[in-house]
Undergrad: 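The structure's right below; bear with me while I get my questions together.
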Protein chains: 2
Amino acid sequence: MQVTSRDATGTTTDKFNCSVCPVRDHAVCSRCNPEEFEQFKAIRRIRSFSKGAHIMRAGEPMTSVGSLTRGSAYLRRSLEDGRRQMVGLLMPGDFIGRPGRREVAFDIIAGTEVQLCQFRIGDFERILQASPAVSRRLLEMTLDELDAARLWMLVLGRATSRERLTSLFALLVQHDARHMSRKIGISAKIELPFARSDIAEFLGLTIETVSRRFSDLQGDGLIRIEGRRKILIPDYLALIAETGDSESWRHEFHGEVCLSSAVE
Amino acid sequence: MQVTSRDATGTTTDKFNCSVCPVRDHAVCSRCNPEEFEQFKAIRRIRSFSKGAHIMRAGEPMTSVGSLTRGSAYLRRSLEDGRRQMVGLLMPGDFIGRPGRREVAFDIIAGTEVQLCQFRIGDFERILQASPAVSRRLLEMTLDELDAARLWMLVLGRATSRERLTSLFALLVQHDARHMSRKIGISAKIELPFARSDIAEFLGLTIETVSRRFSDLQGDGLIRIEGRRKILIPDYLALIAETGDSESWRHEFHGEVCLSSAVE
DNA sequence: CCGCTTCCTTGATCTGAATCAAGTTTTTTA
DNA sequence: TAAAAAACTTGATTCAGATCAAGGAAGCGG
């Protein structure tokens, strides 16, 4: 059983109830049988990180893995002269860490206040070995992330700055839709989990270019900027028509797009 | 048991001996017990594809999965106006296809003559359900591919054309090293599995830019172009110093870099 | 509420890679 | 083995996004 501890960025508590866990039905533990679930409960440790904190740093030993339960975080990798690229976006339910590897490969940074449900890597690996339900779920999640990473490689390799920004909006709308298990209407409102500089790092652009494209898209009526971190998308289909790959952004909805107009 | 069949691009044969399979010790089946191994043997189907052939096409139903046993292939994804990006490189031992998904997400194209060891997706999924060894191995392979994809996202998002090309060379040297289980000396010779236009698609550049950077690197003595598809790298460390991320290309060797000079 | 800092926007200019345009070399085919 | 096609290289020009530079708006700490 875990001793309660505290460090610079986070706190540990055992007062956490899995039955009201916000990611209970899509995290790595979501397909466990009751017995496996008890094992996880016994070894879990809830921690929180404040916005901007490093959850892990590339190169340091990987001591724990776990699920992101609240907030959002991102994976980042840097070139030696400081150029940076975000290489992944972590939303509630996503798994953090890599069983079978002893060293962290990417910086993981809290984009907002973040809450994690962590396990020491050895403890987790023991459950992983023993439980086909857990390893199957983790495989499924990893395969999904691999597909998403490859889809994003197309954006980074070939899309224009306008296409990149509209693709990011489409991605965020979908994330919301999936996690809120809400259907998307013709219009949508998204909360940006990042500052402009983070968006630039995500898209492989500079902050100035990102800012200009925000203005352009607003000028063209494709988005409405409502305060620094909120944007309204009056017509989702018009937006994805600007991504250069509307087919896959429509398709990725898994058939949940609601085409009815007259929402706005 | 599989009936022998033939189609436009490939042939099926049952004359294939797993005990001399070139990827026996790192493919998805490499950790099976003898019983599981027999199951694979019973359902496998060997097929070959000629250079340039589509092994699978994005959007079509995924009917089979399998291992690449000989040759190399790549994953590609296109924007609607035809811009293309390679999003993965498949070498012998790599797994093709995605259990749990019914539709192919990427075009898969044979870069050379290719030989595959395929299974019908349903057959494979049955073994995957039953065998922890197979699902653990597939998880491990998928996690490795995810890391590789994310590393490449940094190249596509932030690297200059010169850095992209040197990174590709570093990647190919490492692939060789890993598959030949041969240590890398200070100098290396690589066989390019692609034409210039494929390299351009891989790097997110145009063919003209790729050609110019080849010439520049040769002019600077970092490579020697020996025929269309062979290049000699006289000094690997000098080459990776040009990638903008020499640390990770050195590191990725898993400590196998041989620093002894006087090889050339 | 004020001053400070951080974040964001906009403008002017520059630059690396794209595009357009020939040529050259290699490979294929007849 | 000659002709045609495909693959590659090099040069001139253009352009999207980077860089350099300045100012404005929002959040914050006292």
Side-chain angles (χ1 to χ4, degrees), chain A residues 50-53 79 81-85 109 111-113 155-168 191-220 223-231 242-244, chain B residues 50-53 79 81-85 109 111-113 155-168 191-220 223-231 242-244:
Chain A
S50 52
K51 183 179 150 175
L79 291 175
D81 65 0
R83 279 170 289 167
R84 289 168 174 174
Q85 178 64 49
I109 297 129
T112 62
E113 274 300 307
V155 173
L156 293 177
R158 296 295 177 187
T160 63
S161 59
R162 183 182 178 97
E163 289 166 341
R164 291 178 198 218
L165 192 54
T166 49
S167 299
L168 178 63
E191 180 88 24
L192 300 173
F194 324 102
R196 296 287 184 275
S197 59
D198 301 321
I199 295 176
E201 286 184 11
F202 204 78
L203 300 179
L205 299 170
T206 59
I207 185 172
E208 294 95 330
T209 299
V210 170
S211 190
R212 282 183 236 277
R213 292 304 90 84
F214 262 88
S215 304
D216 294 350
L217 290 173
Q218 174 153 256
D220 296 345
I223 62 170
R224 204 144 68 235
I225 303 170
E226 310 202 313
R228 216 163 249 208
R229 292 201 167 205
K230 271 198 182 64
I231 71 155
E242 299 289 325
T243 60
Chain B
S50 52
K51 182 179 152 177
L79 291 174
D81 65 0
R83 280 171 287 168
R84 289 168 177 176
Q85 177 65 49
I109 296 129
T112 61
E113 274 300 308
V155 173
L156 292 177
R158 295 296 177 187
T160 64
S161 58
R162 183 183 177 95
E163 290 166 341
R164 290 178 198 218
L165 192 54
T166 50
S167 298
L168 177 62
E191 180 88 24
L192 300 173
F194 325 101
R196 296 288 183 276
S197 59
D198 300 321
I199 294 176
E201 286 185 11
F202 204 78
L203 300 178
L205 299 171
T206 58
I207 186 174
E208 294 94 330
T209 298
V210 169
S211 189
R212 283 184 236 278
R213 292 304 89 84
F214 261 87
S215 304
D216 294 351
L217 290 173
Q218 173 152 257
D220 296 344
I223 62 170
R224 203 144 69 238
I225 304 170
E226 311 202 312
R228 211 161 253 209
R229 292 200 167 205
K230 271 198 185 61
I231 71 156
E242 300 288 326
T243 59

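Naming: A, B, ... by sequence-line order, numbering from 1 per chain. Heavy-atom basis, side chains included; hydrogens, waters and symmetry copies ignored.
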Undergrad: Give the rounded distance in Å between these two atoms: CD of B/Glu163 and P of C/dG16.
TA: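 My rounded result for the distance is 12 Å.
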Undergrad: Determine whether A/Ile231 and A/Glu226 make a side-chain contact, defined as any pair of heavy atoms from C-beta on separated by less than 4.5 Å.
TA: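 No, every pair of side-chain atoms sits at 4.5 Å or beyond.
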Undergrad: Name the nucleic acid region contacted by B/Arg229, choosing base, sugar-phosphate or nothing; use a 4.0 angstrom heavy-atom cut-off, strictly under.
TA: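 Answer is nothing: B/Arg229 stays at 4.0 Å or more from every strand.
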Undergrad: Can you check whether A/Ser211 has a side-chain N or O nearer than 4.0 Å to OP1 or OP2 of C/dT10?
TA: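 No, outside the criterion.
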Undergrad: Is B/Arg196 paired with B/Glu201 through a side-chain N to carboxylate O contact shorter than 4.0 Å?
TA: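 A salt bridge is absent here (no side-chain N lies under 4.0 Å from a carboxylate O).
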Undergrad: How close or far is atom C1' of D/dC8 from atom CD of B/Gln218, stated in whole angstroms?
TA: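 Taking CD of B/Gln218 and C1' of D/dC8, I get 13 Å after rounding.
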Undergrad: Just by distance, do the side chain of A/Thr209 and the backbone of A/Leu205 share a donor-acceptor pair under 3.5 Å?
TA: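 Side chain of A/Thr209 to backbone of A/Leu205, a donor-acceptor pair under 3.5 Å: no, none is there.
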Undergrad: Judged by atom type as modelled, is there a donor-acceptor pair below 3.5 Å linking the side chain of B/Arg158 to the main-chain atoms of A/Arg84?
TA: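 Checked: pair present.
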Undergrad: So, does the side chain of A/Arg212 form a donor-acceptor pair with the base of D/dT19 at under 3.5 Å?
TA: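 Result: at least one qualifying N/O pair found.
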Undergrad: Tell me the interatomic distance from A/Arg213, atom CZ, to C/dG11, atom P, rounded to whole angstroms.
TA: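 Result: 12 Å.
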Undergrad: Test your reading of the model: is there a side-chain donor-acceptor pair from B/Arg164 to the backbone of B/Ala159, 3.5 Å cut-off?
TA: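 Pair found, side chain donor or acceptor close to backbone of B/Ala159.
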Undergrad: Look at the side chain of A/Asp220 and the backbone N and O of A/Leu217, then say whether any donor-acceptor pair between them is shorter than 3.5 Å.
TA: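 Checking the backbone N and O of A/Leu217 against the side chain of A/Asp220, no donor-acceptor pair under 3.5 Å is found.
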Undergrad: Calculate the interatomic distance between A/Lys51 atom NZ and D/dG27 atom C1'; express it in whole Å.
TA: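 Going from A/Lys51 (NZ) to D/dG27 (C1'), I get 10 Å.
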Undergrad: Taking 4.0 angstrom as the limit, do B/Arg83 and A/Glu163 come out as a salt bridge?
TA: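 Result for this pair is yes, salt bridge flagged.
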Undergrad: Between A/Arg162 and D/dA16, is there a side-chain N or O to OP1/OP2 distance below 4.0 Å?
TA: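 No, because none of the side-chain N or O atoms of A/Arg162 sits under 4.0 Å from OP1 or OP2 of D/dA16.
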Undergrad: Please confirm whether the shortest side-chain N or O distance from B/Arg228 to OP1 or OP2 of D/dA7 is below 4.0 Å.
TA: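 Result: no.
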Undergrad: Can you sort out which residues in residues 197-209 of chain A have a heavy atom within less than 4.0 Å of DNA chain D? Ascending by number, please.
TA: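 A/Gly204, A/Leu205, A/Thr206, A/Glu208, A/Thr209, in order of number.
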Undergrad: Rounded to whole angstroms, how far apart are CZ on A/Arg196 and C1' on D/dA25?
TA: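 Rounding to the nearest Å, CZ of A/Arg196 and C1' of D/dA25 are 12 Å apart.
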Undergrad: D/dT9 C1' sits how many Å from B/Ile231 CD1, rounded?
TA: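 That distance rounds to 17 Å.
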Undergrad: If you look at every strand shown and take non-hydrogen atoms under 4.0 Å, does B/Ser161 touch a base, only sugar-phosphate, or nothing?
TA: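 Contact class for B/Ser161: sugar-phosphate only.
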Undergrad: What is the separation between atom NZ on A/Lys230 and atom P on D/dG27, rounded to the nearest whole Å?
TA: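 So the NZ-P distance, A/Lys230 to D/dG27, works out to 11 Å.
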Undergrad: Looking for any heavy atom pair under 4.0 Å, which part of the strands does B/Arg158 touch: base, sugar-phosphate only, or nothing?
TA: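 Counting heavy atoms under 4.0 Å across all strands, no contact is made by B/Arg158.
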Undergrad: Rounded to whole angstroms, how far apart are CG on B/Leu217 and P on D/dT9?
TA: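 Spelled out: CG on B/Leu217 to P on D/dT9 is 12 Å.
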